K.L.:
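This is the structure I have questions about; it appears just below.
Residue numbers begin at 1 in each chain, while the letters A, B, ... track the order of the sequences. The model shown is predicted, which means the values in this text are computed figures rather than measured ones.
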2 protein chains.
Amino acid sequence: MRPTTRGTRTTIADVAALAGVSTAAVSKVINQRPGVSAEMRRRVLAAADKLGWVPSSAAAALRGAATRTLGLVLRRAPDLLSVDPHFSVFIAGAEDVLGPRGYGLQLHLVGERTGAEEATYRGLAARRAVDGVILTESRLGDPRFELVRQLGLPAVLVGTPWNDDPLPRVEAGPQDRGMRDMTRRLIQLGHRRIAYVGGPEDLVHTVFRREVVTSELSAAGLAPVRLVSTPFAGVEAIRVTEELLALPDRPTAIVFGNDVMAVAGLGAVQRHGVSVPDEVSIVGHDDLPLGELLHPRLSTVRLEVRQLGRAAAIELLRTLGVQDLDEVHVDPPSFIERESTGPPPDDTGAR
Amino acid sequence: MRPTTRGTRTTIADVAALAGVSTAAVSKVINQRPGVSAEMRRRVLAAADKLGWVPSSAAAALRGAATRTLGLVLRRAPDLLSVDPHFSVFIAGAEDVLGPRGYGLQLHLVGERTGAEEATYRGLAARRAVDGVILTESRLGDPRFELVRQLGLPAVLVGTPWNDDPLPRVEAGPQDRGMRDMTRRLIQLGHRRIAYVGGPEDLVHTVFRREVVTSELSAAGLAPVRLVSTPFAGVEAIRVTEELLALPDRPTAIVFGNDVMAVAGLGAVQRHGVSVPDEVSIVGHDDLPLGELLHPRLSTVRLEVRQLGRAAAIELLRTLGVQDLDEVHVDPPSFIERESTGPPPDDTGAR
């Protein structure tokens with residue numbers, strides 16, 4: 001009969017009893033310490049297997065071994081997460097790698113309250129709750145790189161670090177390809193009045209992407225109609241879109257910093273009785289699954305978010321010494337031309 | 001000078017040294033054991049505070065104390081999570097409660113592979129990785145209720161359990177109100193040909209919601225044009241919508257099991273040159289933030305997903321003995337009438 005009863009957990013004592021050895025011997029086997037015969041080792045592992053016993057991650061963590069949990073601390077407010085599936089896709093990618101290996105992802109949404117992010121990392125390290133952390137969205141003056149080093153927390157960054165920090169990282173390179181191809185294509189279609197509505201000003205990728213758009217326009221002798229920096233929120237995108245539609249030199253193409261802003265902008269343009277793409281072209285960023293469901297289907301710069309999630313998990317596991325990992329593969333960003341972009345209206349020059 | 005150096009963690013020995021006591025004394029203070037003077041207690045806590053030291057959750061778990069982590073195991077494939085922001089909103093709600101208390105949420109996406117879900121719960125229990133689990137989306141023949149009891153894992157279910165299982169739960173009651181009001185409103189607008197495209201057949205809420213629609217139609221002497229059960233995926237919604245549009249008795253209203261399916265259906269209808277809501281009304285379910293950004297704005301049955309996330313976290317923490325929790329509050333589902341629904345076209349009777 002199994003010593004486990006409903007509501008109680010199998011313990012090291014149960015394993016020792018079934019194997020006919022001491023708990024100290026079980027501990028030696030599990031911790032791969034010397035002084036255990038091959039036969040004893042076999043008996044202990046067979047007993048552990050029979051009882052479905054795995055050493056508690058608590059005990060493992062005390063020995064400095066793995067908790068089999070990675071941490072992901074997002075500074076976005078819960079509100080923004082709920083609108084933007086970007087992080088759902090990223091998490092899905094990480095889970096592609098972690099799930100089959102029995103690893104979990106510990107998620108913290110800390111919002112932008114001062115000190116909340118730092119306190120969360122300190123708590124994770126102090127409680128030894130995770131084996132390492134995945135960092136996303138490097139910011140200007142980002143304090144996290146120094147913090148995780150100070151805390152001894154293994155970490156991998158997704159994207160380009162602020163100030164060329166040497167933290168291990170994964171990124172989709174060449175990173176500028178998608179934005180560059182997209183801007184060139186809009187120019188080629190005949191657009192001369194292009195507006196760029198990017199994300200928050202303190203994100204490294206906001207600044208980077210904006211510079212790619214600006215430099216490509218500049219190479220064609222053009223300047224953006226407007227460069228706007230907003231929170232990644234639908235309501236902000238609607239407000240900015242309405243302002244752009246009211247301009248005397250209304251843009252013929254509006255490029256948004258993510259797909260949710262683009263969906264909001266698309267809706268706002270249509271609601272004003274302005275046709276997409278006949279009168280205004282709309283471009284998103286990320287290529288989330290939703291864009292393809294809309295009418296017109298959303299043209300967007302594809303960021304391989306799912307691949308980035310996988311790559312980040314693989315790189316962090318590699319840092320932690322996990323074996324037999326797949327090679328990391330992240331395709332460069334690319335422009336996905338669907339139905340929300342087209343040539344500008346004929347009267348463009350006359351405005 | 002602080003004994004912490006870059007890359008190492010503060011240990012109980014550091015705290016003992018700073019307080020001028022033994023590590024055993026620190027342990028007694030932290031574990032609230034007897035035999036410690038008030039003065040020693042004060043010195044230890046001051047030293048711990050000064051060094052930013054908190055007892056490791058590993059050590060706490062070994063004593064049977066809290067890991068300050070709750071588990072959420074989702075049987076959805078990562079693919080579906082990445083399309084449907086439902087769980088992002090739910091997680092955001094849970095984080096509203098957990099974040100400020102320093103609790104984390106450990107997330108596992110196990111997909112539908114046989115045995116993966118059970119193995120994950122067993123692993124969480126065996127490794128003592130979480131204090132308890134939140135269960136969502138009860139299924140017909142759901143094995144999880146018995147499993148978590150067997151594993152001794154505290155659990156709270158969101159929604160209605162299969163077979164009236166007595167597990168603690170949170171739900172938005174009266175649960176039928178939203179679907180009932182929505183169906184009545186469509187009938188009142190003049191719709192006689194209504195199709196219902198629900199979620200997977202094995203979910204308790206799929207069956208429940210479908211029955212509400214059917215019974216309301218029946219009370220008005222009507223029957224649904226079609227009742228379809230599909231995975232919660234955009235591509236399925238598009239396929240079904242196209243089939244419905246091709247019917248000789250085409251429905252004048254299509255009700256979908258979630259907002260993502262409704263967005264996909266809306267796009268499919270518009271792509272066929274059929275006007276929403278003038279020719280076909282579209283209704284979603286959940287009221288995710290995205291629906292309001294579309295043109296036309298999506299009419300939907302609001303499920304208070306965020307409130308449910310909060311309530312589930314609160315109830316589970318209460319089960320775990322956490323004090324000073326807010327009261328649980330979940331509003332009943334309600335029909336949110338926006339722009340994607342209206343009266344059926346005049347020629348409806350002639351078809």
Side-chain angles (χ1 to χ4, degrees), chain A residues 6-10 52-54 56-59 61-62 67-69 78-79 81-83 85 87-89 91-93 95-96 99 102 104-111 116 122-123 125-129 149-152 234 238 260 263-264 266-267 270-271 288-290 292-295 306, chain B residues 6-10 52-54 56-62 67-69 78-79 81-83 85 87-89 91-93 95-96 99 102 104-111 116 122-123 125-129 149-152 234 238 260 263-264 266-267 270-271 289-290 292-295 306:
Chain A
R6 178 166 154 155
T8 65
R9 293 168 183 168
T10 306
W53 182 76
V54 270
S56 107
S57 54
L62 272 187
T67 61
R68 298 183 85 80
T69 304
D79 267 336
L81 184 81
S82 70
V83 182
F87 283 106
S88 299
V89 177
I91 290 169
E95 285 283 345
D96 288 340
L105 191 69
Q106 182 157 336
L107 186 66
H108 290 266
L109 306 182
V110 297
R122 289 191 181 278
R127 289 182 284 112
R128 297 177 202 180
R149 273 193 289 269
Q150 192 191 102
L151 295 171
I238 290 172
V260 172
V263 169
L266 175 62
Q270 290 174 327
R271 187 161 292 118
L288 299 180
L290 207 80
E292 212 168 6
L293 305 178
L294 302 174
H295 178 70
R306 180 95 174 239
Chain B
R6 179 166 154 156
T8 65
R9 293 169 182 164
T10 305
W53 183 76
V54 271
S56 107
S57 55
L62 273 186
T67 62
R68 299 184 84 81
T69 304
D79 267 336
L81 183 80
S82 71
V83 181
F87 283 107
S88 300
V89 177
I91 290 168
E95 285 282 345
D96 288 340
L105 191 68
Q106 182 157 336
L107 186 66
H108 289 266
L109 306 182
V110 297
R122 289 192 181 278
R127 289 183 285 111
R128 297 176 201 181
R149 274 192 289 268
Q150 193 190 102
L151 295 171
I238 290 172
V260 172
V263 169
L266 175 63
Q270 291 175 325
R271 186 161 293 116
L290 207 80
E292 212 169 7
L293 304 179
L294 302 174
H295 178 70
R306 180 95 174 240

K.L.:
Roughly how far, to the nearest 0.5 Å, is CG of B:L290 from CG of A:L293?
P.N.:
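Separation between the atoms: 10.0 Å.
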
K.L.:
Would you mind checking which part of B:L105 comes under 4.5 Å of any heavy atom in chain A, side chain (CB onward), backbone (N, CA, C, O), both or neither?
P.N.:
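Both parts, backbone and side chain.
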
K.L.:
Any idea which heavy atoms bring A:L109 and B:E95 closest together, and the distance?
P.N.:
N-OE1, 3.2 Å

K.L.:
What residue in B:H108, B:R271, B:E292 has the most heavy-atom pairs under 4.5 Å with chain A?
P.N.:
B:R271

K.L.:
If I measure from the heavy atoms of chain B, does A:L294 come under 4.5 Å with its side chain, its backbone, both, or neither?
P.N.:
both

